[in-house]
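Beneath this line is the structure, given in structure tokens, with notes to follow.
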Protein chains: 2
Amino acid sequence: MESRIDRIKKQLHGASYKLTPQREATVLVLLEHEEDHLSAEDVFLLVKEKAPEIGLATVYRTLELLTDLKVVDKINFGDGVSRYDLRQEGAAHFHHHLICIECGTVDEIQEDLLGDVEKIVESRFEFAIKDHWLTFHGICKRCKSDVDEGEK
Amino acid sequence: MESRIDRIKKQLHGASYKLTPQREATVLVLLEHEEDHLSAEDVFLLVKEKAPEIGLATVYRTLELLTDLKVVDKINFGDGVSRYDLRQEGAAHFHHHLICIECGTVDEIQEDLLGDVEKIVESRFEFAIKDHWLTFHGICKRCKSDVDEGEK
DNA sequence: CTTTCTGCAAACCTTTTGCATCCAT
DNA sequence: ATGGATGCAAAAGGTTTGCAGAAAG
């Protein structure tokens, strides 16, 4: 059976990029931290555990390459750092994010909730949508119940 | 009649900030470029025309202050620069953006299209939404018709 | 073999900060 | 008068780039 990493490798290969150990280690780290929103520095430190000789510049170059291939999405939550988020396999659009302003946690919504909104935008503004970025800021489930506890 | 700039001034005053000429000039520039998405540098150059002695650091400090007061929203379209966008007076939520991947134009949608989506998010994920950021990438009306022209 | 990739360090850019001076209130 | 605000220059991030050597295909 073909694994996810194999398919990503094939994608690299197909675009005539070389399969170096550094690139493989970087992809592996991203797969192992699929739920997280790692910065380039985060990825660098994690890849270093597998390939200690890797340089930060290589990580940046690999992440840019994976962004071009749409394997990852590059996002910016406004804290001055770019973060790299693995795209769901075959997903047409980028998933949504919930950022808690209390605890800072970032949760993901994989389900696409924008179908109807996109129909409106496409027709009303004659805009052909290729992708979207949707982020909500608010209080997450966990922090809300902390408040409830405090009020008891 | 009270003008928009007067109300912003009052807001500054109310939060016990001083009304300096530099701050006034910055607010003025933002009002004059309401449709644009200016970076700090852009604002700096425009403010310099009114107040040539202003420093870039002051512009940054003023923009941060206006962001705290929710007069402007700080956004990042992923090009490594923060941009500052005047919020509609009294708007509860930040407006949406349409970025054209052909010509780079950024259009705004002032109307809030996320009402239904937010209800779903609030109930299904028990997340109390305070604000949202929604951006679409695609081909704008103008570029689409350029293509049509080309095909004729 | 050839071309691409890597690591290192330097360069770059945007944003922030320290500090002496200035100025609204 | 006096505490906050400014301008300047330096510092501080994060990211990109040039280059010589290494290695994948």
Side-chain angles (χ1 to χ4, degrees), chain A residues 8-29 37-69 72-85, chain B residues 6 8-29 37-69 71-85:
Chain A
I8 296 176
K9 282 188 194 170
K10 264 190 190 153
Q11 225 180 317
L12 271 170
H13 219 173
S16 54
Y17 288 114
K18 292 183 178 176
L19 255 41
T20 66
Q22 291 91 333
R23 285 177 182 169
E24 181 164 8
T26 305
V27 171
L28 228 85
V29 161
H37 302 84
L38 305 174
S39 67
E41 182 87 34
D42 294 337
V43 174
F44 173 59
L45 293 173
L46 289 165
V47 174
K48 257 195 150 161
E49 295 173 8
K50 295 180 200 300
E53 74 298 340
I54 200 169
L56 182 54
T58 302
V59 171
Y60 272 103
R61 286 187 277 231
T62 303
L63 290 172
E64 189 187 1
L65 193 161
L66 293 172
T67 305
D68 290 346
L69 292 177
V72 300
D73 279 289
K74 186 177 178 180
I75 25 169
N76 195 303
F77 291 132
D79 60 348
V81 201
S82 290
R83 297 177 182 282
Y84 298 84
D85 206 350
Chain B
D6 290 336
I8 295 176
K9 282 189 194 169
K10 266 192 188 152
Q11 225 180 317
L12 271 170
H13 219 172
S16 54
Y17 288 114
K18 292 183 179 173
L19 254 42
T20 66
Q22 291 90 335
R23 284 178 183 167
E24 183 164 7
T26 306
V27 171
L28 230 87
V29 162
H37 301 84
L38 305 174
S39 67
E41 183 88 32
D42 294 338
V43 174
F44 173 59
L45 293 173
L46 289 165
V47 174
K48 257 195 151 161
E49 295 172 8
K50 295 181 201 296
E53 73 298 340
I54 201 168
L56 181 55
T58 300
V59 171
Y60 272 104
R61 286 186 278 233
T62 302
L63 290 172
E64 189 188 1
L65 192 161
L66 293 172
T67 305
D68 290 347
L69 291 176
V71 169
V72 300
D73 279 289
K74 186 177 177 180
I75 24 169
N76 195 302
F77 291 133
D79 60 349
V81 203
S82 291
R83 297 178 181 279
Y84 298 85
D85 206 350

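From a predicted model like this one, the values you see are computed outputs, not experimental measurements. Letters A, B, ... are given to chains in the order of the sequence lines, protein chains preceding strands, and every chain is numbered from 1.
- Following rounding to the nearest Å, A/N76 (CG) and D/dG13 (P) show an atom-to-atom distance of 17 Å.
- The two residues B/S39 and B/V81 make their nearest non-hydrogen contact at CB-CG1, 3.4 Å.
- Summarising the geometry, the separation between CG on A/L38 and P on D/dG14 is reported as 15 Å, rounded to the nearest angstrom.
- Residue A/S82 is classed as a sugar-phosphate contact, given heavy-atom separations below 4.0 Å to backbone atoms only.
- With the nearest nucleotide of DNA chain D identified for both A/L56 and B/R23, B/R23 has the one nearer the 5' end.
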Subject >> Steps toward side-chain contact (heavy atoms from CB on, under 4.5 Å) verdict (A/L65, A/Y17) >> reply: CA-CA 9 Å; A/L65 193 161; A/Y17 288 114; 4.0 Å; yes
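- Between A/E24 atom CD and D/dA24 atom C1' there is a gap of 13 Å when expressed in whole angstrom units.
- In this structure, B/Q22 places its CD atom 14 Å from P of C/dC22, rounding to the nearest Å.
- A heavy-atom distance below 4.5 Å is found between the side chains of A/T26 and A/I54.
- Each of B/G80 and B/K18 lies near DNA chain C, and the nucleotide nearest B/G80 is the one positioned closer to the 5' end.
- The CG-P distance, from B/D79 to D/dT15, rounds to 13 Å in whole Å.
- B/Y60 has its OH atom 15 Å from the C1' atom of D/dG7, to the nearest Å.
- Closest-nucleotide positions on DNA chain C for B/R61 and B/S39 were compared, and the one nearer the 5' end corresponds to B/S39.
- Heavy atoms of A/E53 sit under 4.0 angstrom from primed sugar atoms or phosphate atoms, though from no base atom.
- B/R83 has a carboxylate O that lies under 4.0 Å from a charged side-chain N of B/D42, or vice versa, which qualifies the two as a salt bridge.
- One can place OH of B/Y84 at 8 Å from C1' of C/dT15, the figure rounded to the nearest angstrom.
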